[in-house]
J.: 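My questions will all concern the structure given below.
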Amino acid sequence: MRILIMEDDVSAAEAIIKGLADAGHEATHAPDGEAGLEAARGGGFDVLVVDRMMPKVDGLTAVSSLRREGDSTPVLFLSALGEIDDRVTGLKAGGDDYLVKPFAFAELIARVEALCRRKDTGGQATLLKVGDLELDLIARTVHRAGVEIDLQPREFQLLEFLMRHAGRSVTRTMLLEKVWEYHFDPQTNVIDVHISRLRSKIDKGFDRPMLQTVRGAGYRLDA
Amino acid sequence: MRLPDLVRTTSFRLTLLSLALFAAAAAAFLFYIYIATAGEVTQRADEEVGREISSLETVYARAGQSGVNQALIERTFGERPFFYLLMDAAAKPISGNIAATPVEPATSEARSSFRVTETDPDGAIRRRAAWGRQVRLPKGELLFVGVDIAEGQGYVLRIIRATWGAGVLVLILGLAAGLLVSRNVSRSLLGLKRAVAAVEAGDLHARAPVRGVGDEYDELATGMNAMLDRVERLMGGLRHAGDAIAHDLRSPLTRLRSRLEAALIEVDNGRADPTESLIQALEDTDGVLKTFNAVLAISRLQAAGQVPNPQLFDPAELCSGLAELYGPLCEDKGLAFSAEFSKGLQVRGDRDFAGQAMANLLDNAIKYTPPGGAVMLRVRRRSSGEVECSVTDTGPGVPFEDRVRIVQRFIRLENSRTQPGTGLGLSLVQAVAEAHGGRLDIDDGPGLVQEGATQGAGPGLRTALVFPEPAAA
């Protein structure tokens with residue numbers, strides 16, 4: 001995937017590019033908003049990673065102008081600000097996700113990949129399939145290898161999110177933000193408890209576990 | 001205030017401007033009067049002269065040149081004599097009471113203003129303004145008749161002089177009034193200027209004097225003082241936040257550094273795996289960041305004194321989500337979890353901050369309550385109208401004398417040191433409560449209910465985030 005990094009801190013940008021390259025992505029760097037806008041207008045990027053504060057044109061303005069021009073490339077805002085209304089302003093300006101600095105690398109890559117994926121699947125499928133696992137969004141039912149699995153509503157949402165991002169790592173924070181819609185630090189790894197309950201339902205009794213724990217990152221659902 | 005300074009003030013400049021406008025208007029008025037009256041004097045003189053000429057022309061028609069001659073001699077001794085000059089066709093004087101015609105060229109028929117010299121009875125020579133007209137009589141002679149207009153012109157001059165005098169007087173008075181007004185304004189502004197200069201020089205305590213007259217200067221001074229109060233408060237908050245962050249981060253950073261150093265020595269000696277040390281360091285760094293974020297959140301809330309974008313939200317909705325999130329964790333730990341929410345309540349505030357605060361309270365309860373105990377989450381309206389979100393546990397509780405201390409930053413009671421945590425959880429809850437105009441209540445729990453439990457059992461603890469009634473907030 002091709003990713004554009006708009007970031008004025010060159011060493012931070014280099015680290016991001018290297019990390020993304022290790023994960024198999026091709027990243028381009030723009031050192032300020034103006035250069036970033038120009039590169040983004042050239043097109044061909046799957047995700048834009050945009051720092052909020054940049055010289056010449058700041059991140060919010062840059063993304064707003066891209067959105068006005070009809071560019072809908074997914075945008076991940078990076079910010080050192082991190083107040084609650086900063087996140088809201090970022091999303092209002094046309095951002096798709098928001099990450100506060102400093103962040104764990106796994107978090108950035110997981111979020112960038114989640115945004116790419118979203119672009120891929122744009123359409124509204126009513127039946128999600130990963131390996132022998134099937135999730136019916138209309139009937140609200142889950143089957144694995146033909147066996148119906150009974151899930152709580154939240155477990156269903158959790159599984160749906162994992163299936164939509166199958167094969168990629170999702171972090172605990174992402175799950176808390178996207179499944180529970182909470183934007184605060186839960187102090188303990190409450191998410192782990194929910195994951196282990198879900199795991200016991202979808203993996204127990206089957207020879208091959210699908211829900212993997214990724215060390216230092218989070219979880220991944222494999223086919 | 002010295003005069004040159006006074007001259008630079010806005011009020012003085014405004015005075016000057018209005019004076020200039022007045023002077024221009026007066027000059028225009030004066031010019032108009034001059035044109036009107038001066039023209040009037042000349043026109044009257046011309047009419048008089050015209051009548052005299054027609055009368056003489058009648059005489060000429062009846063009695064010819066000699067008749068006119070005779071008439072001139074008679075009329076020269078009249079009440080207010082005209083100036084006469086009868087000339088032949090070549091403008092050579094025949095008779096009259098002036099020596100030569102003032103008309104140029106002398107043989108033309110024309111009107112002319114001129115001056116006559118006159119000797120007073122006391123011997124002084126005066127030149128007086130006059131106006132005259134020259135006509136050619138039917139047989140070719142030239143007749144000039146003029147009249148003295150000095151009196152009329154003198155009248156006009158007197159009016160003009162008087163107006164000038166009045167104008168100058170007005171200018172002088174205006175200038176004086178301008179200086180006076182500017183001095184008063186400058187005096188009224190002096191206090192404000194001093195306060196501004198003092199603040200600029202770094203003294204944030206400086207305030208402008210309010211004279212108590214209630215005029216616009218007092219209003220300005222009061223407004224400025226209120227502004228300075230707020231600035232000072234904010235600056236104090238920021239300074240305090242900065243100090244707190246520096247203080248709060250020093251110890252975890254010191255810990256991280258010594259741990260890294262120890263790890264390096266171990267690795268150097270070949271006794272440890274660098275990967276493990278790196279992972280450990282990463283976890284430590286995450287801990288520092290967590291502390292940093294908590295300290296920053298507390299400081300910002302304390303400095304602002306309120307949450308950023310207060311909105312109405314349903315606390316029961318927020319807490320039922322938390323119950324669903326934390327319930328399984330309780331069960332896994334062998335704790336009975338229950339929740340009870342009153343419906344239809346609303347509080348004004350920030351949902352995320354309130355959620356963080358409640359998460360901290362739940363986390364504490366789950367951490368410190370031994371297995372076999374119970375945790376209860378409850379949202380209800382107090383009879384006072386306040387809305388309370390409380391977490392009750394059956395854990396060891398906190399002795400009464402320690403309850404103030406546990407809210408302070410980094411205070412961790414003896415039995416809590418083994419548990420993970422930043423030591424900022426309750427401080428943040430307190431800051432969130434205060435930013436919502438509410439408070440954090442800490443009470444005993446339900447009492448010793450855990451029969452048979454030996455370790456960690458106690459009176460339990462009840463912590464509550466209390467929001468004021470939304471209308472009153």
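First the proteins, then the strands, lettered A, B, ... as listed; each starts at 1.
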J.: Check whether A:E181 gets within reach of chain B through its side chain, its backbone, both or neither, counting any heavy atom under 4.5 Å.
T.: backbone
J.: What's the separation between atom CZ in A:R199 and atom CG in A:D192, rounded to the nearest 0.5 Å?
T.: 9.0 Å
J.: Can you confirm if the NZ or CZ of A:R144 lies within 45° of the ring axis of A:F206 and under 6.0 Å from the centre of its six-membered ring?
T.: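 Yes, A:R144 and A:F206 form such a contact.
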J.: Is chain A contacted by the side chain of B:L362, its backbone, both, or neither, given a heavy-atom distance below 4.5 Å?
T.: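 For B:L362, no heavy atom lies under 4.5 Å from chain A.
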J.: Which class fits the ring pair A:F77 and A:Y98: parallel under 30°, tilted 30 to 60°, perpendicular over 60°?
T.: tilted
J.: With a 6.0 Å cut-off (strictly less than), is the heavy-atom count around CG of A:D150, excluding the residue itself, greater than 12?
T.: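 No.
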J.: Measure distances from B:L289 to the heavy atoms of chain A and classify the residue's part below 4.5 Å as side chain, backbone, both or neither.
T.: side chain
J.: Is it the side chain or the backbone of B:L282 that comes within 4.5 Å of chain A heavy atoms, both, or neither?
T.: neither
